[in-house]
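For reference, the structure discussed in these notes is given below.
Remember, it's a predicted structure, so these values are computed and weren't measured experimentally. Just follow the structure's listing: the first ligand is 1, and inside any ligand the first atom is 1.
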Amino acid sequence: MRDDYLGTNANVKGVSMSSGLILYSYFRSSASHRVRIALNLKHLKFEYRAVHLVKNGGEQYSDEYKRLNPQSQVPCLIHNNQPISQSMAIIDYLDQLAPEPRLLPSIAYDRALTIQICEIVNSGIQPLQNTAVLNELEKNYGLKAEQKTKWIQHWIARGLGSLEEILKKSSGDYCLGDQVTAADCFLIPQLFSARRFSLDLTPYPTILRIEEHTKSLDAFQLAEPSRQPDFQAQ
Ligand SMILES: N[C@@H](CCC(=O)N[C@@H](CS)C(=O)NCC(=O)O)C(=O)O
């Protein structure tokens, strides 16, 4: 067991709930949102530690946080003093730790389809709207606010368009039939970002139908950005 990762966290606000799991998160981070849903679905209590991605140039760049995640991104889950970053890896880990409900299905094709849906969000949409990418576009390529919004809308629409086609075939109440999977954990937070950037979601009726079903689940409600201790209205 490593005990050299966790410092005093002078720069991050903690809300202690006395359990072995600690989640470094930012209320608006869609990747953190995915993990919050997964933890809630599995009824795993966790201590929430907020990392403000904007304040003071971003707390994710502090030396203290970089010891946990050298990539300077949230989320980062700590278990047994060991850090895990990348929401896909975290959710896979949680599936090993607490197998019910299983978020990555055991049937090979269902598992592949789940990961396919997750990755469309994880590598096809979210990285293109990440804070660091947007800052780079602004700073070194001169993009103005309006152009950045168009850029974001373009990539989200492209990703949601392909998801809509896949989900027409794969979904029941949720992305894969009537069982909640990791695919739902990835899809729903992306819709919060889509709305934040004023994307018209009417071309995606299947996605909106799935979202309606998740809205009735506590695990999804409690994971929403507005329910987090570091939430700030804008
Ligand atoms: N693929 C990563 C994405 C992580 C990520 O991009 N996190 C964003 C917030 S959603 C972040 O920390 N951004 C900070 C920055 O860009 O400086 C995951 O799934 O965990």
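- A salt bridge does not link Arg28 with Glu224: none of the charged nitrogens is closer than 4.0 Å to a carboxylate oxygen.
- In this model, a donor atom of one side chain and an acceptor atom of the other lie less than 3.5 Å apart for Gln71 and Gln86.
- For atom 8 (C) of ligand 1, the nearest protein heavy atom (residue, atom name, distance) is Asn130 OD1, 3.3 Å.
- Heavy-atom distances between Gln71 and ligand 1 stay at or above 4.0 Å for every pair.
- Any N or O atom pair closer than 3.5 Å counts here, and Gln60 shares at least one such pair with ligand 1.
- Residue-ligand proximity: Gly58 is placed with every non-hydrogen atom at 4.0 Å or more from ligand 1.
- Gln190 and Gln129 are linked by a side-chain donor-acceptor pair at a separation below 3.5 angstrom, with hydrogens and angles left out of the test.
- Heavy-atom distances between Tyr26 and ligand 1 stay at or above 4.0 Å for every pair.
- Of all atoms in ligand 1, listed by their number and element, those nearer than 4.0 Å to a heavy atom of Ser30 are 10 (S).
- A donor atom on one side chain and an acceptor atom on the other are not found under 3.5 Å apart for Ser30 and Gln126.
- Checking side-chain atoms of Lys66 against main-chain N and O of Ser72 turns up no donor-acceptor pair under 3.5 Å.
- The ligand atoms of ligand 1 that sit less than 4.0 angstrom from a heavy atom of Ser87 are 18 (C), 19 (O), 20 (O).
- The heavy atom nearest to atom 12 (O) of ligand 1, considering only Val74, Val35, Val51, is found in Val74.
- Annotation: atom 10 (S) of ligand 1 to nearest protein heavy atom, Ser29 OG, 3.1 Å.
- Note on ligand 1: Arg34 sits in its first shell, one or more heavy atoms being nearer than 4.0 Å.
- Side chains of Thr181 and Tyr174: no donor on one and acceptor on the other come within 3.5 Å.
- Using a 4.0 Å cut-off to heavy atoms of Pro75, the atoms of ligand 1 that qualify are 20 (O).
- Here atom 16 (O) of ligand 1 lies nearest to Ala132 when heavy atoms of Ser72, Cys118, Ala132, Ser85 are compared.
- Among His33, Gln86, Gln73, Gln126, the residue whose heavy atom sits closest to atom 18 (C) of ligand 1 is Gln86.
- A donor and an acceptor atom, one from each side chain of Tyr61 and Asn56, are nowhere located under 3.5 Å apart.
- Looking only at atom types and distance, the side chain of Ser25 has a donor-acceptor partner in the side chain of Arg36 under 3.5 Å away.
- In terms of hydrophobic clustering, with Ile, Leu, Val, Met, Phe, Trp and Tyr side chains grouped at heavy-atom distances under 4.5 Å, Leu163 and Tyr109 are assigned to a common cluster.
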